[in-house]
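Scroll down for the structure; my scribbles are underneath it.
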2 protein chains.
Amino acid sequence: MTSLPLLEPATEKDCCPPSTGSLDAYEAQVRASVFKALADPNRLRLLSIVKSADGGEACVCDLTEPLDLGQPTVSHHLKILVDAGLLHREKRGTWAYYSLVPGSIERTSGLLETL
Amino acid sequence: MTSLPLLEPATEKDCCPPSTGSLDAYEAQVRASVFKALADPNRLRLLSIVKSADGGEACVCDLTEPLDLGQPTVSHHLKILVDAGLLHREKRGTWAYYSLVPGSIERTSGLLETL
DNA sequence: AGCATACATTGATGAATGTCAATGTTGCGG
DNA sequence: CCGCAACATTGACATTCATCAATGTATGCT
């Protein structure tokens, strides 16, 4: 994988006028990689827990127990969500705090409705 | 896989009050299976082509060429989209016509925003 | 009946994915 | 400096997945 621009940043020009009438191969691949990040039950639960966490953020140690997964596995899933542009990672001291990227859920919905 | 109720039918009771505050394992699996259907570029293109097709429907023979895929592969992808509740299949004569299930895109967006 | 067309299903194969154990890295406290 | 705690990375393994070739199943036509 070559690290595609998954979720376009908020500072994007006016969005997605479908000139051809249907998705070209490139756009389809970009969008599919975002849905790939959502295509795992544990990653959906991670998003849900982070979203409803106190302060809107959570560290790995808070996430490994409710999912009943090992710490390396949780870190792996979190990395996929960060690479997809859905989660933001901020390291403070020894802890890594994950939070939802503002607007990322809405932008992902947009990827669906502008098919 | 045991054929889970992927996209709840339109005749669903008032939607998804999150009692626990975060997704339980079952709900996460149900929702993930819908996003799994969307996690492939060729399937996204299929949805896009069907959506913008004349009359809102298309047969397999219209879909195999723009995707540059074999007919069995296209049929396979279409089956996944039907099983996910996103496409509807209607057989008329020798042809099989696929169309978007009304409201399925919006319901899928709902699966995102109610995480 | 016989044949061609449109589509589905099966089986096989290479690639991608989820998980864990082991190890590496970084920051904090004594 | 030493050890511990939190997290990331690597390597291995089993499972799932996307694709195709071959075959099966209807349906329409002559």
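Worth saying up front: this structure is predicted, and the values here are computed from it rather than measured. Note that these values count all heavy atoms, side chains included, but never hydrogens, waters or copies made by symmetry. Note on naming: letters A, B, ... go to the chains in the order of the sequence lines (proteins, then strands), and numbering restarts at 1 for each one.
Distance B/Leu81 CG to D/dA18 C1': 14 Å, rounded to the nearest Å. The distance from atom CD1 of B/Ile80 to atom C1' of D/dT19 is 11 Å, rounded to the nearest whole Å. In this structure, CG of B/Asp68 is placed 14 Å from C1' of D/dA18, rounded to the nearest angstrom. Taking atom CG of A/Leu78 as the reference point, atom C1' of D/dA6 lies 13 Å away to the nearest angstrom. Summarising the geometry, the separation between NZ on B/Lys36 and P on D/dA18 is reported as 10 Å, rounded to the nearest angstrom. Taking atom CZ on B/Phe35 and atom P on C/dT17, their separation rounds to 18 Å, with Å as the unit. Put simply, CG on A/Leu38 is 14 Å from P on C/dT17, counting in whole angstrom units. Rounded to whole angstrom, the span from the NE2 atom of A/His77 across to the C1' atom of D/dA8 amounts to 15 Å.
Test A/Leu38, A/Val101, A/Ile80 against A/Leu86 for side-chain contact (heavy atoms from CB on, under 4.5 Å) and you get one pass: A/Leu38.
Five base pairs at each end of the helix from C/dA1-D/dT30 to C/dG30-D/dC1 define two local axes, and these are offset by 10° (rounded to 10°).
Electrostatic pairing of B/Arg92 and B/Glu57 counts as a salt bridge here, judged by a charged N lying under 4.0 Å from a carboxylate O.
With values rounded to the nearest 0.5 angstrom, B/Lys51 atom NZ is found 12.5 Å from B/Leu87 atom CG.
Using a 4.5 Å cut-off on side-chain heavy atoms (C-beta onward), B/Asp40 and A/Phe35 make no contact. Within the 4.5 Å cutoff, side-chain heavy atoms of A/Leu69 are placed close to those of A/His77.
Pairing each heavy atom of B/Val50 with each of B/Tyr98, the nearest pair is CG1-O, 3.5 Å. Looking at every heavy atom in both residues, A/Ala58 comes nearest to A/Ala53 through CB-CB, 4.3 Å.
Shown for residues 54-67 of chain A: residues whose heavy atoms fall under 4.0 angstrom of DNA chain D, namely A/Cys59, A/Val60, A/Cys61.
At a threshold of 4.0 angstrom between heavy atoms, the contacts of A/Tyr97 with the nucleic acid are absent. Across all strands, A/His76 comes closer than 4.0 Å to base atoms (heavy-atom distances).
Under the 3.5 Å distance criterion, the side-chain polar atoms of A/Ser33 are matched with a main-chain donor or acceptor of A/Val30. Put simply, the side chain of A/Ser48 gets close to the backbone of B/Leu115: a donor and an acceptor are under 3.5 Å apart.
Put simply, B/Thr73 has a side-chain N or O that comes within less than 4.0 Å of OP1 or OP2 on D/dC20. For A/Tyr98, no side-chain nitrogen or oxygen approaches OP1 or OP2 of D/dA6 to under 4.0 Å.
Here the side chain of B/Leu69 is nearest to one of C/dC20, D/dT9, D/dT19, namely D/dT19. Which of D/dT19, D/dA8, C/dC7 sits closest to the side chain of B/Asp40 comes down to D/dT19. Here the nucleotide nearest the side chain of B/Arg89, chosen from C/dA8, C/dG18, C/dT17, is C/dA8.
One side chain, B/Arg31 or B/Thr114, offers a donor N or O that lies under 3.5 Å from an acceptor on the other. Between the side chains of A/Ser109 and B/Glu113, at least one donor-acceptor pair of N or O atoms lies under 3.5 Å.
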Which letters describe nucleotides 22-30 of chain D, given B = protein heavy atom under 4.0 Å from base, S = only from sugar-phosphate, - = neither? B----SS--
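Annotation: cation-pi pair A/Arg89/A/Tyr97 absent, no NZ/CZ under 6.0 Å from the ring centroid and within 45° of its normal.
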